[in-house]
Amino acid sequence: MAWLMTDPSKMRLRFAPSPTGSLHIGGARTALFNWLLVRGAGATLVLRIEDTDRDRSTPENVDQILDALKWLELDWDEGPIFQSDNAVRHQEVLVSLLDAGLAYRSLATADDVRAYKDQHGSERGFRGQDDGEGAVRLRVPEGASIVDDAIRGETRFEHVHLDDPVIARADGSVLYNFAVAVDDHDAGITHVVRGDDHLSNTPKQLLVFAAMGATAPIYAHLPLLHGPDGKKLSKRHGAASVQELRDDGYLPEAIRNYIALLGWGTDDDETLLSTDELKRRFGLDHVSKSPAIFDEKKLRWMNGRYLRELTLEDLTARLELFTGRTGLAGAVEISREKIQTLADFWPLVGFVFDGPAEDQAAWDKTIGAPGAVEILAEVRSALAAVAEFDVDTVQSALRAIVEERGVKPNAVFQPLRVAMAGTTISPGIFETAVLLGREETLSRVDRALERGEPQSSAS
RNA sequence: GCCCCCAUGGUGUAGCGGUUAGCACGUCAGGUUUUCAUCCUGGAAGCAGCGGUUCGAUUCCGCUUGGGGGUACCA
């Protein structure tokens, strides 16, 4: 574990999203890995907003990212630092590099660079000349940069292949690869844990560190996250942002567990790991190098597991927040075994509060079936006659009818279910009746009976 | 085009020269069951290909193929 310091609590990591959109699952995973490392070692996490792209960075996006991190319960110790707030310091470094001849101003445009390559071969990097004006380019020296990555080992980048990178626009505003290096240095960052898409950028940043005469941090590049089609995760892949995951009814703790397993695993290959266990066990040494595909099916399963481990009170509170309704405890109790996400709840038991759903196919199949109305009428009188209206008495009353008529349980249960719920899918039939209460149950059965009489003779 | 990274079933992973290649999701077949789920049991399914190195390669090396990233006065 060469990446670990002798005193892990001295580590300073950072999560540095760029606010060009909402927080992606990939970004969330990067944030989680940083957070896990820090919280497991008692180290420090710095949040920095990389907003040097003035066109795409918006306050709304910043809020979205902060909101997403908060919802995922990933906190930080310093920041948020806005990269744009460090403009003065960036200029200072820029000037010193210019003065030292380590950087120069050039009028060369992207087209010029392309033309240069067409002429000199694309394996040879562009070297500009000092025009005294224009964009600022860093002078790439001879030799090579070696990125000693904590996850991938050493990667060598020959400088000949690198263009002299533009580190500041003609107007003086700085560019990403320059700003990151300066900011990481200023913040005393010891470990940079980020997506693999930055590996190729690392030599440029290393060059900036060298120009500043500073020591670069330890880098660790995480494998990227892909969608089910193997392509880079994007909006097309359904729930791609943290907000969407929240709206789809996933629990933050389940998401943490699931995405921790994307690109990382334990030696015993455990699947269900609490956040505390994650903090304790997570380390860079078990991070894989190959990209992982985000599989919502597994998340669903895992979410269901977490859902069922919540206390009734906790789950009810979350469901009330999610649906905006109150007084849900009873419905939660009878449906918690049947749902995998918070979003599954209302479609399953909403009928209890909003009345039976309208489902003609379900009706035709059950109450519309021959003899069903007669059975339902018998169910009605049995439920009206029962002394106490609880799960046991309701159950025995209904089972008595099954016995007596010698029919399949479904012949009795399904018509009642559809009378109460409007559909063939609902929580347990006895529990549902008890939750509705005798009065409401009978009234729904009556309505079904009324509707069933003329229809059964008509059809 | 050029530079770089990656490669165990459909998916996530365990494995770190000798294993009947394990686990989880999904899937299929049963069981439990009042629907839907849950839960239980069992099955199918994998080391991308080709060369080396080695007594022996999923494991080490090279090539090919495939995927991905970078190559911006984006981040």
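Naming: A, B, ... by sequence-line order, numbering from 1 per chain. Side chains included, hydrogens not; waters and symmetry mates left out as well; all remaining heavy atoms used.
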Atom pair distance, as rounded to whole Å: [atom1] in [X] and [atom2] in [N]:
{"X": "A:Arg336", "N": "B:rC39", "atom1": "CZ", "atom2": "P", "value": "13 Å"}
{"X": "A:Gln83", "N": "B:rA75", "atom1": "CD", "atom2": "C1'", "value": "9 Å"}
{"X": "A:Phe282", "N": "B:rU13", "atom1": "CZ", "atom2": "P", "value": "12 Å"}

## Note on the structure
The nucleotide from B:rG69, B:rA14, B:rC6 with an atom nearest the side chain of A:Ser200 is B:rG69

Work out how far the [atom1] atom of [N] is from that of [M], and round it to whole angstrom.
{"N": "B:rU13", "M": "B:rC3", "atom1": "C1'", "value": "31 Å"}
{"N": "B:rG12", "M": "B:rG68", "atom1": "P", "value": "14 Å"}
{"N": "B:rG52", "M": "B:rG46", "atom1": "C1'", "value": "24 Å"}
{"N": "B:rG18", "M": "B:rU58", "atom1": "C1'", "value": "12 Å"}
{"N": "B:rG69", "M": "B:rG30", "atom1": "C1'", "value": "47 Å"}
{"N": "B:rA48", "M": "B:rA7", "atom1": "P", "value": "10 Å"}
{"N": "B:rU59", "M": "B:rU54", "atom1": "C1'", "value": "13 Å"}
{"N": "B:rU19", "M": "B:rU33", "atom1": "C1'", "value": "40 Å"}

### Query
In chain order, what residues pass the side-chain contact (heavy atoms from CB on, under 4.5 Å) check against A:Pro415, with sequence neighbours excluded?
A:Ile367, A:Ala372, A:Leu376

Counting only side-chain nitrogens and oxygens, does [X] get under 4.0 Å of the OP1 or OP2 atom of [N]?
{"X": "A:Thr52", "N": "B:rA75", "result": "yes"}
{"X": "A:Arg305", "N": "B:rC25", "result": "no"}
{"X": "A:Arg399", "N": "B:rU34", "result": "yes"}
{"X": "A:Arg308", "N": "B:rC39", "result": "yes"}
{"X": "A:Ser288", "N": "B:rU13", "result": "yes"}

Under 4.0 angstrom, heavy atoms only, what part of the nucleic acid is [X] near: base, sugar-phosphate, or nothing?
{"X": "A:Lys204", "result": "sugar-phosphate"}
{"X": "A:His198", "result": "base"}
{"X": "A:Ser18", "result": "sugar-phosphate"}
{"X": "A:Asp51", "result": "nothing"}
{"X": "A:Ser426", "result": "base"}
{"X": "A:Gly263", "result": "sugar-phosphate"}
{"X": "A:Pro203", "result": "nothing"}
{"X": "A:Thr266", "result": "sugar-phosphate"}
{"X": "A:Ser122", "result": "base"}
{"X": "A:Thr424", "result": "base"}
{"X": "A:Ala170", "result": "base"}

Write down the partner of [N] under the Watson-Crick or G-U wobble criteria, each distance required to be under 3.5 Å.
{"N": "B:rA57", "result": "none"}
{"N": "B:rC16", "result": "none"}
{"N": "B:rA48", "result": "B:rU64"}
{"N": "B:rA72", "result": "none"}

#### Entry: Residue met sooner reading RNA chain B from 5', once A:Phe157 and A:Asn410 are mapped to nucleotides
A:Phe157

### Query
How do A:Arg156 and A:Leu261 order along RNA chain B: which one's closest nucleotide is nearer the 5' end?
A:Arg156

### Message
Around atom CZ of A:Arg336, are there more than 12 heavy atoms from other residues, nucleotides or ligands closer than 6.0 Å?
### Response
yes

### Message
Taking CD in A:Glu158 as the centre, count heavy atoms belonging to other residues, nucleotides or ligands within less than 6.0 Å. Is the count above 12?
### Response
yes

Table please: side-chain donor-acceptor pairs of residues 133-145 of chain A below 3.5 Å, with sequence neighbours left out.
residue  : atom : partner  : partner atom : Å
A:Arg137 : NH1  : A:Asp164 : O            : 2.7
A:Arg139 : NE   : A:Gly101 : O            : 3.1
A:Ser145 : OG   : A:His159 : NE2          : 3.4

Salt bridge between [X] and [Y], side-chain N to carboxylate O under 4.0 Å?
{"X": "A:Asp359", "Y": "A:Lys365", "value": "no"}
{"X": "A:Arg114", "Y": "A:Asp163", "value": "no"}
{"X": "A:Arg318", "Y": "A:Glu253", "value": "yes"}

Would you kindly check whether a donor in the side chain of [X] faces an acceptor in the base of [N], or vice versa, at under 3.5 angstrom?
{"X": "A:Arg152", "N": "B:rC5", "answer": "no"}
{"X": "A:Lys298", "N": "B:rA24", "answer": "yes"}
{"X": "A:Asp197", "N": "B:rA75", "answer": "no"}
{"X": "A:Lys338", "N": "B:rC36", "answer": "yes"}

### Message
Minimum heavy-atom separation for A:Ala382 and A:Ile401, please, with both atom names.
### Response
CB-CD1, 3.9 Å

